[in-house]
Each structure stands twice: as C-alpha cells, then as structure tokens.
Amino acid sequence: MNDDPHGGWPGQDPDPARRPQRPAGPPRRPAGPPPGHGQRPGAHQQGPGQAPWQRQQGSPQQPPPRRSQRPPVAPQHEPDLITHHEHNGTEHRYDADRGYEEPYDDDRPGQETDEDGKPVLTPAQRKKRRWRRIRRVLLALFCLFFVIPAIAFVITYFLVDVPSPQAVAATQGQAVTYYYADNTEMGKDVPKGGNRHILTPEQIPDIVKKAVIATEDASFETNSGFDIGGILRAIYNQVTAGKGGGSTISQQYIKVASGDDESSLSRKWTELAKSFKMNQTYEKKDIISAYLNIIYFGRGAYGIESAAQAFFGKPAGELNASEAALLAGLIQQPGRSENPKVANDRWTVALNRMVQNGFLSAADRANLQFPTPIPQEDKQQAGVVNPFIRDKVKEELAANGITDAVYYRGGYKVYTTIDPKAQAAAEQAVADGMKGQTDENLLNALVAIDPKTGGVKAYYGGPSIVKGPNGQDQKGRDWANTPQNPGSSMKPFDLTAYLQLGKGGINSTFDGSNNRQFGKQTIRNAGPGSSCSAQCTVSEAMQRSANTVFYDMVVNVTKPGPVAQAAKDAGVKPAPDGASELFADNNIALGGGKTAVSPEDMAAAYATFAANGQRRDRHFVAKVTNAQDEAAYSAPEEAKPAFSDDADKSKQIAGNVTESLKGVIPFSKLKCPNGHECAGKTGTQQHTYRPGEPASAKDSNSQTWMVGYTPSISAAVWVGGDGDKPLKGKNGKAIFGSTIAGPIWQKFISLYLNGKPGERFEKVKIIGGDDNTNNIPSTQTPPDENEDPGGETGTPSTGPSTGSSSRNEEPPSSSRNPPSSSENNGEESGGNGPGRGGGRGDNG
C-alpha cells in the first residue's frame with residue numbers, strides 16, 4: 001500500500017505541472033485487446049473503463065490520484081515523455097527518435113504476436129493496412145506516369161525547335177560517292193530531284209494535300225501533332241507482329257527533318273514534343289505544305305515539285321487526282337516505285353482512302369485510270385556509277401538501315417566489293433564472246449563472286465541504256481538479276497541432295513542409257529555424247545550431263561523438295577527474299593518447268609561449293625561512311641556450313657560435288673588457267689516450237705549457261721533470250737552452254753586470274769567409294785565438230801512431272817507442252833511459266 005497522503009503512486013512525478021496532461025476529448029480505448037481476444041501471459045486484467053495508468057506491475061489497483069493529493073518523490077531519472085493524440089479514432093505513441101509509430105492497434109503491449117514476434121492483426125486492421133498500401137502505390141504510379149511526364153514534356157517543349165522546310169532541304173539531295181574495292185572512285189550517284197523549289201500552301205493543289213492526308217494521316221485536321229489512337233494501334237501491331245505505324249504527318253515531318261529514325265524512347269519522346277509544338281505554332285495548311293516540300297517519293301525526288309517532274313514531267317500545280325493518289329501512295333514505299341505491281345497497289349490504297357474520307361466520290365473514283373509514269377531517264381555518263389550496281393547497292397543498304405528515303409541525305413561514301421580488274425575482265429569477256437553474233441535476240445549477263453568473302457567482284461547485267469519501241473533511249477533490264485531456266489546447271493544441286501541422304505555417292509551407279517521410261521514418260525539424253533551405260537557412275541553422268549541419271553535420282557531417290565532445299569542452302573534466294581523460283585516438282589531435276597534462277601544466285605550458290613561448303617552471304621558493300629567519315633555500315637562476312645550442321649560433313653559434300661564437276665571442263669572443251677584447278681557445269685534450255693515458226697526453230701535453244709569456279713572466284717555466265725525465243729549462233733545453228741557462254745566464262749577466268757598464284761581444291765574423302773572413280777573413261781570418243789562439246793546436241797524428251805516417287809507412275813501432262821510422241825525434242829516440257837524456256841529443260 002502506498003502511504004502517501006495524497007494518494008500518489010511510486011515513481012509518480014511529484015509535480016503535476018511536469019506530467020503530460022491528457023487532452024480533453026472522448027475517453028481513450030482500453031489498452032487491452034478487444035473482447036474475446038487473447039492476451040499475453042502475465043498481463044493483468046482490467047475492467048471496463050480502466051485507463052492504462054490505472055495498473056501497476058505487482059501492485060493492487062488503486063484509484064487515480066486526486067489533484068489535491070501530493071505527488072510522490074521523483075525517481076532518479078525522468079521517464080520518457082509520453083504524449084497521446086487521436087487520429088481517425090486511433091492512438092499513436094510518440095517516439096523521439098522515430099516520430100509517430102503505427103497505431104496502438106497494431107502493436108499494443110497486450111496484443112498477441114506470431115512466432116516472429118510480430119503483432120497479429122485483426123481482419124479489420126489487415127484490411128486497413130492493405131488499402132493504405134494500395135493508396136500509396138496508386139499515388140506513386142500517378143506521379144510516375146502523369147505528373148513527372150507532364151513536367152518533363154513541358155520542359156522538353158520549351159527546349160526543342162521545329163526546323164523549317166528550307167533548312168531541311170539544304171540537307172537533302174546530296175550525291176553519294178562510290179568506290180571500288182581498291183578505294184579508287186567508281187563514280188557518283190547524283191539525285192535528280194536535288195534542285196527543287198519550296199512551294200507555298202497556295203501552290204500545292206488541294207487534291208494533292210487531300211490524297212496525302214487520306215493515305216498518311218486521316219486525323220490530321222483534328223489531332224494535336226500526335227494521335228493517341230494511332231499510337232495504341234502501333235503498339236498493338238508491334239505486339240501482334242502486325243503492320244502499320246502510328247505516326248502522324250507532323251511526326252513524319254519531324255522524323256525526316258531530324259534524320260533520326262532510331263527506335264528509341266528518347267527519340268520518340270522528342271518527336272512527340274516537337275510535333276505538338278509544331279501544331280501549336282503553325283496552321284494546318286502550313287504543316288501539310290512543309291511535309292510535302294521535304295518528303296521522299298522515289299526516283300531521287302524530294303518534295304512534291306520534284307516528284308511531279310520526275311514521275312509525270314509536269315509541275316505539281318498541274319497534278320490531277322489520279323497522279324496525286326499515286327504519289328501519295330508511294331510515300332510509304334518509295335524504293336519500290338519502279339515495281340509496277342507495288343505502284344498499282346499503292347495507287348489503289350490511296351484512292352480507296354480518299355473515298356473513305358470523303359475527299360473523292362465513288363463515281364469519280366470508278367472513272368480514274370492508273371497514271372503511267374514517264375520512262376525513267378538513267379543515262380550512263382562519265383563519272384556516274386553503273387545503274388545496275390547502284391540498284392543492288394541501294395537494295396543492300398536499305399535492308400541494313402540506310403533506306404531509300406535517307407540515302408541521299410548523309411553525304412555517304414560507299415566502298416563496294418567490286419574489283420576494277422574483275423569488272424573490266426567481265427565486260428571485255430562479254431564483248432569478245434559476242435563478236436560476230438548476228439541474232440538480235442541474244443542477251444547476256446556475267447556475275448563473279450569471291451568464295452572466301454562473299455563479295456561480288458564483277459557484275460555485268462547487260463547494257464544499261466537500250467532503245468525503246470519508238471527508238472527512244474530507256475533504261476535497260478538487269479539480266480544478271482533476272483531468273484531463267486538453269487537447265488543442267490541445276491544438276492549439282494541434284495547431286496548435293498543425293499549426297500545429303502548418305503545412301504550413295506559419286507561412285508554410285510544409275511542407268512544412263514537413252515530413252516528411259518518413267519511411267520509413261522520418256523526421258524532422253526542429248527545425244528551420243530550424253531549417254532552412258534546401264535551402270536553409269538554419278539561422276540561420269542555429271543560429265544556427260546546424262547539426263548536419265550539425274551531424273552531417276554530426283555524422282556526415285558531424293559525427291560524434288562530436297563533438291564530445292566539444297567539450292568537454297570547453297571545460296572539461291574527464291575521469292576520473296578530474292579528473284580529466283582525453285583518449284584519443287586520433277587522438272588527441277590533438269591532445271592526446267594517453273595524453276596528459274598538468276599545469274600547472281602547461280603554465282604553465289606557455286607561459290608559455296610568453291611568455299612568447301614561454307615556459305616557466305618553475297619554482298620556488294622564492304623562499308624559505308626557518312627559526310628564526317630564516320631562508319632555508318634560494315635558488311636559481315638560470317639560463314640556457315642551450308643549442307644550440314646557439321647562443318648566437316650558440309651565440306652565433304654561440297655568437295656564431292658567439286659570432284660564430279662572438275663571433269664566437265666575438259667569434256668566441254670574448256671580450259672582452266674595455268675596452275676589453277678577449276679570445276680563447273682554447262683546448261684541449256686530448249687525453245688518450245690510453235691506452229692508457224694520456221695523448221696529450224698525445232699532444234700533451237702532459248703537459254704544457255706556456264707557456271708564454274710576456282711578456289712578464288714565463282715562466275716556465272718548466261719546467254720539467252722527475253723523469254724522463250726529460238727536463238728541462233730554465228731553459223732545459224734543452235735547455241736549451247738559451251739558454245740558462247742562457255743568461252744565467255746573461260747575468257748573472264750583467264751583475264752581475272754592472270755598473274756595470280758595457282759590454286760588447287762582441297763582433297764576430301766569420296767562419299768561411297770575410293771578416290772579414283774571420276775576419271776573420264778579412256779574409251780570415250782571426243783565429240784565431233786557437229787556435236788555440242790558439252791554433250792548438248794541431242795533431243796531429250798520429257799513431259800512435266802509432279803515429283804512422283806514411283807517409276808511406273810505417269811507424271812501429268814502439260815497443257816502447253818504435251819509429250820505427244822518420242823519425236824518431241826524436249827528434255828523438260830510443261831509447267832513452263834510465261835517467259836520461260838519450254839520444250840526440254842536442258843541438253844547438257
């Protein structure tokens with residue numbers, strides 16, 4: 001018991017003025033847990049209405065001291081001050097070091113704790129704490145995504161400027177300088193649209209503005225520089241791998257003006273700020289005019305005035321609705337402006353959107369005709385780069401980030417892989433090979449590639465300027481990039497697919513006799529020099545170009561699909577990535593039907609054989625620098641095993657193909673340069689005779705090839721016609737792969753390798769036999785002067801086939817070239833598309 005007359009408690013402050021006074025207000029909650037809630041062991045129970053100070057450890061409960069009572073003597077040291085305040089009905093304890101802690105509800109001394117010593121919360125407390133955290137997270141997110149970006153956007157808005165069309169025009173239309181592989185200058189590519197006028201809004205027809213708005217930014221009149229809906233659509237398209245962006249016309253203007261097309265958040269952020277500022281600063285008519293004055297349309301034309309002159313030979317003020325629609329449509333694909341299908345598709349899209357946006361009536365739309373652009377002038381002048389090489393370079397650069405729209409903006413220097421010695425050798429070889437030829441339908445191309453790098457050393461696609469139907473000069477066609485039936489030059493891929501199976505090799509034997517039946521289909525060889533025995537090795541069949549062996553190999557062993565894949569593995573690029581076509585039916589065995597390969601692809605594919613089965617992507621560009629001589633692009637030269645994941649296996653397959661092709665060279669009466677080993681294959685596609693043609697057309701050919709290589713260079717030569725035309729040589733007789741194309745190839749190889757150290761192919765283990773089985777039999781008689789030296793003078797006959805694996809199954813006949821009788825002089829008939837050589841896929 002306390003004997004203090006004032007009723008004070010031991011340790012109580014004797015001076016009431018120093019004791020913290022409880023503020024007036026409603027009574028505080030009991031310190032104990034809620035009714036029914038457990039308490040800590042040893043805690044004293046207290047009745048309702050008792051305050052915390054009404055209990056004392058180990059002492060009976062006493063009433064609170066009266067004011068008139070004298071307080072007890074102060075202890076040796078003062079206890080910490082305790083203050084109380086009310087907040088939302090809960091009490092907090094004050095701590096001088098940490099400030100206010102959590103409410104008493106969470107950690108009162110009498111509250112139950114878990115095994116970690118943490119207070120056990122009631123459901124109400126947990127809910128309250130959870131919502132408190134949610135509110136804090138939402139507040140943080142709001143600041144992160146709205147408040148902070150808004151502040152940053154305002155700051156960016158005042159820091160950026162919108163460049164004028166005049167300033168942008170000064171950076172456009174710069175010449176691109178080309179260099180040979182030895183760093184000597186090849187020439188310059190000067191844009192035809194470099195000298196242009198900046199038009200005022202009044203000088204640009206409304207129909208042109210409407211066509212561009214409908215095609216590029218339908219919300220242009222109402223958006224503030226960016227379209228939230230368009231941005232969301234762009235995000236959705238990226239996530240779902242769809243097509244279409246969300247840029248407005250204002251954003252596109254900023255992108256072109258800055259010359260920065262990097263896919264980064266910082267660039268996009270600045271672009272949005274500039275677009276918004278542009279729309280706050282200028283009127284819509286000024287914005288669309290500024291855009292039309294700098295945007296790229298193709299043909300080297302920047303701005304609507306230059307485009308109108310380049311495509312239609314008239315000022316922009318005279319453009320009609322149809323012409324405006326075409327130019328508006330080409331903005332998205334200016335690099336493909338010369339592709340008739342692309343141009344027509346883009347014109348259609350533009351007109352349809354003009355109708356949708358109410359800029360053009362459906363009736364007027366129905367009456368419009370496609371506006372054919374004027375022929376593109378592309379004269380080869382001194383100091384101007386070859387247009388065919390330029391086009392290939394631009395195509396390559398566009399695939400690596402330097403698109404057609406920025407090509408003339410960087411003051412670029414393009415260092416090509418073209419060797420001036422090889423290019424001169426190619427042009428001289430073609431000129432010498434075509435001397436004395438009188439057939440005006442004869443065309444030619446030559447492509448040479450370095451097997452060790454993939455770099456294109458020489459590229460000749462024919463004359464760059466030809467005469468049009470009315471005698472006017474017009475741009476020639478690049479025949480080096482035009483696919484043709486490859487004939488027997490396809491047979492190395494037959495063999496590659498066969499070797500990949502692992503069931504046989506170049507020593508395996510097939511029936512190489514003439515007039516073999518495959519179901520009801522007759523396959524013939526090209527004459528006595530092309531046939532061999534019923535036990536003909538694959539190696540000998542390759543030298544003789546025995547059609548019956550390779551047709552049998554593909555139809556009954558490999559099947560057509562693996563042959564097409566082998567060609568792809570070697571480097572042939574079919575559409576849509578390239579120009580060639582690999583049609584997986586039986587015709588592919590002999591290079592006929594719908595199968596067509598460009599000279600460029602043939603040179604690249606044979607280069608893989610020369611490189612011991614290592615494929616390197618062919619390329620025209622070694623590196624590119626900008627106006628400040630900073631690196632803008634460098635070509636990779638990565639090599640990959642082509643015919644197997646195992647590099648050694650791929651090397652062995654390629655080496656076996658080379659072994660089979662080495663004997664073709666002397667058999668075709670061609671020679672390798674002194675000290676150099678070489679290998680190759682000729683090919684011929686026969687013309688399909690049509691009623692009304694002269695009798696001589698029956699034995700004519702339409703396409704001829706010679707493709708061959710040394711360890712240092714792979715070259716493909718094509719001599720043929722534009723489509724299926726009967727071609728004649730100097731003596732009026734049919735031409736073959738070894739009669740014009742072969743000598744051109746030999747001339748080029750000799751000129752290019754002159755003075756270079758000799759090289760030989762690496763030896764590999766023969767697949768399926770010993771190393772001494774590919775020699776030409778000693779009993780072979782050389783072809784006479786009236787027989788094609790490549791074994792290509794015979795009259796093989798086939799009908800089209802579907803790749804049937806059964807010897808007794810008849811391939812379906814072609815409606816174009818039915819194998820009506822054994823007199824049909826065709827190796828591959830049927831399945832020939834327009835412009836393809838028909839009749840017999842090849843003679844040798």
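Index from 1, following the sequence.
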Item to complete: Assess whether side-chain hydrogen bond (donor to acceptor under 3.5 Å, both in side chains) is satisfied between Lys728 and Asn441, documenting all intermediate values.
Response: CA-CA 9 Å; Lys728 299 297 180 182; Asn441 292 317; over 6 Å; no
Closest non-hydrogen atom pair between [X] and [Y], with its separation:
{"X": "Gly436", "Y": "Lys730", "answer": "O-CG, 3.6 Å"}
{"X": "Ala448", "Y": "Phe748", "answer": "CB-CZ, 3.4 Å"}
{"X": "Ser531", "Y": "Asn514", "answer": "OG-CB, 3.6 Å"}
{"X": "Asn485", "Y": "Gln703", "answer": "O-CB, 4.0 Å"}
{"X": "Pro451", "Y": "Pro711", "answer": "CG-O, 3.9 Å"}
{"X": "Asn656", "Y": "Ile506", "answer": "O-CG2, 3.8 Å"}

Tell me, do [X] and [Y] make a side-chain contact under 4.5 Å, heavy atoms counted?
{"X": "Asp450", "Y": "Thr417", "value": "no"}
{"X": "Leu582", "Y": "Val563", "value": "no"}
{"X": "Val557", "Y": "Tyr498", "value": "yes"}
{"X": "Thr595", "Y": "Pro486", "value": "yes"}
{"X": "Ser545", "Y": "Lys681", "value": "yes"}
{"X": "Asn444", "Y": "Val717", "value": "no"}

Taking [X] for its side chain and [Y] for its backbone only, find out whether a donor-acceptor pair lies under 3.5 Å.
{"X": "Ser668", "Y": "Leu670", "answer": "no"}
{"X": "Gln500", "Y": "Phe643", "answer": "yes"}
{"X": "Thr496", "Y": "Pro492", "answer": "yes"}

Taking side-chain contact (heavy atoms from CB on, under 4.5 Å) as the definition, give me every residue that meets it alongside [X], ordered by chain and number, with sequence neighbours left out.
{"X": "Ala424", "value": "none"}
{"X": "Lys503", "value": "Leu501"}
{"X": "Asp646", "value": "Ser644, Asp648, Lys649"}
{"X": "Ala445", "value": "Trp479, Ala480, Pro599, Trp718"}

Worksheet item: Can you tell me if CG on Asn674 sees more than 12 non-hydrogen neighbours from other groups inside 6.0 Å?
Response: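 Result for CG/Asn674: open.
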Worksheet item: Tell me the salt bridge (Lys or Arg N to Asp or Glu O under 4.0 Å) pairs involving residues 426-444, sequence neighbours left out?
Response: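 Passing the test, one end in residues 426-444: Asp432-Lys435, Asp432-Lys747.
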Fill in: With Phe388 via ring-ring contact (aromatic ring centres under 6.0 Å, His included) - residues at least two apart
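Residues passing ring-ring contact (aromatic ring centres under 6.0 Å, His included) with Phe388: none at all.
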Distance-only criterion, 3.5 Å: show the donor-acceptor pairs between side-chain atoms of residues 455-462 and protein atoms not counting sequence neighbours.
from	atom 1	to	atom 2	distance (Å)
Tyr459	OH	Asp478	OD1	3.3
Tyr459	OH	Asp478	OD2	2.6

Discussion item. Taking salt bridge (charged side-chain N to carboxylate O under 4.0 Å, His left out) as the definition, give me every residue that meets it alongside Lys452, ordered by chain and number, with sequence neighbours left out.
Written reply: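 In terms of salt bridge (charged side-chain N to carboxylate O under 4.0 Å, His left out), with neighbours along the sequence ignored, Lys452 is linked to Glu759.
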Discussion item. For a side-chain hydrogen bond (donor to acceptor under 3.5 Å, both in side chains) check, start with the C-alpha distance between His687 and Asp724, then their side-chain angles and the critical distance, and finish with the verdict.
Written reply: CA-CA 6 Å; His687 164 65; Asp724 184 10; 2.8 Å; yes
Using the side-chain hydrogen bond (donor to acceptor under 3.5 Å, both in side chains) criterion, which residues pair with [X]? Sequence neighbours excluded.
{"X": "Tyr606", "answer": "none"}
{"X": "Gln437", "answer": "none"}
{"X": "Asn515", "answer": "Arg524"}

Euclidean distance, [Y] [atom2] relative to [X] [atom1], rounded to 0.5 Å:
{"X": "Asn556", "Y": "Phe510", "atom1": "CG", "atom2": "CZ", "answer": "8.5 Å"}
{"X": "Phe736", "Y": "Thr704", "atom1": "CZ", "atom2": "OG1", "answer": "10.0 Å"}
{"X": "Trp705", "Y": "Met490", "atom1": "CH2", "atom2": "CE", "answer": "10.5 Å"}

Ignoring hydrogens and angles, write down the donor-acceptor pairs under 3.5 Å from the side chains of residues 569-580, residues two or more places apart or on other chains.
from	atom 1	to	atom 2	distance (Å)
Asp569	OD1	Gln565	NE2	2.9
Ser580	OG	Ser598	N	3.1
Ser580	OG	Asp601	OD2	2.7

Item to complete: Report the C-alpha distance between Glu762 and Asn612 in whole Å, list the side-chain angles of each, state the deciding distance to 0.1 Å, and finish with yes or no for side-chain hydrogen bond (donor to acceptor under 3.5 Å, both in side chains).
Response: CA-CA 8 Å; Glu762 292 186 37; Asn612 297 314; 3.3 Å; yes
Worksheet item: Passes ring-ring contact (aromatic ring centres under 6.0 Å, His included), Tyr709 versus Phe761? Steps please.
Response: CA-CA 10 Å; Tyr709 54 92; Phe761 297 115; 5.6 Å; yes
Discussion item. I'd like to know if Lys698 and Glu693 make a salt bridge, using a cut-off of under 4.0 Å between side-chain N and carboxylate O.
Written reply: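 Looking at Glu693 together with Lys698, the answer is no, because their closest N to O distance does not fall below 4.0 Å.
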Fill in: Lys/Arg-Asp/Glu bridge criterion (N-O < 4.0 Å) met for Arg516, Asp552
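Answer for the salt bridge query: yes.
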Worksheet item: Between Tyr689 and Ser700, is a side-chain hydrogen bond (donor to acceptor under 3.5 Å, both in side chains) present by the stated rule, with each step listed?
Response: CA-CA 8 Å; Tyr689 178 76; Ser700 297; over 6 Å; no
Discussion item. Just checking Phe493 against Phe550, ring centres under 6.0 Å apart?
Written reply: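 Centroid separation for Phe493 and Phe550: 6.0 Å or greater.
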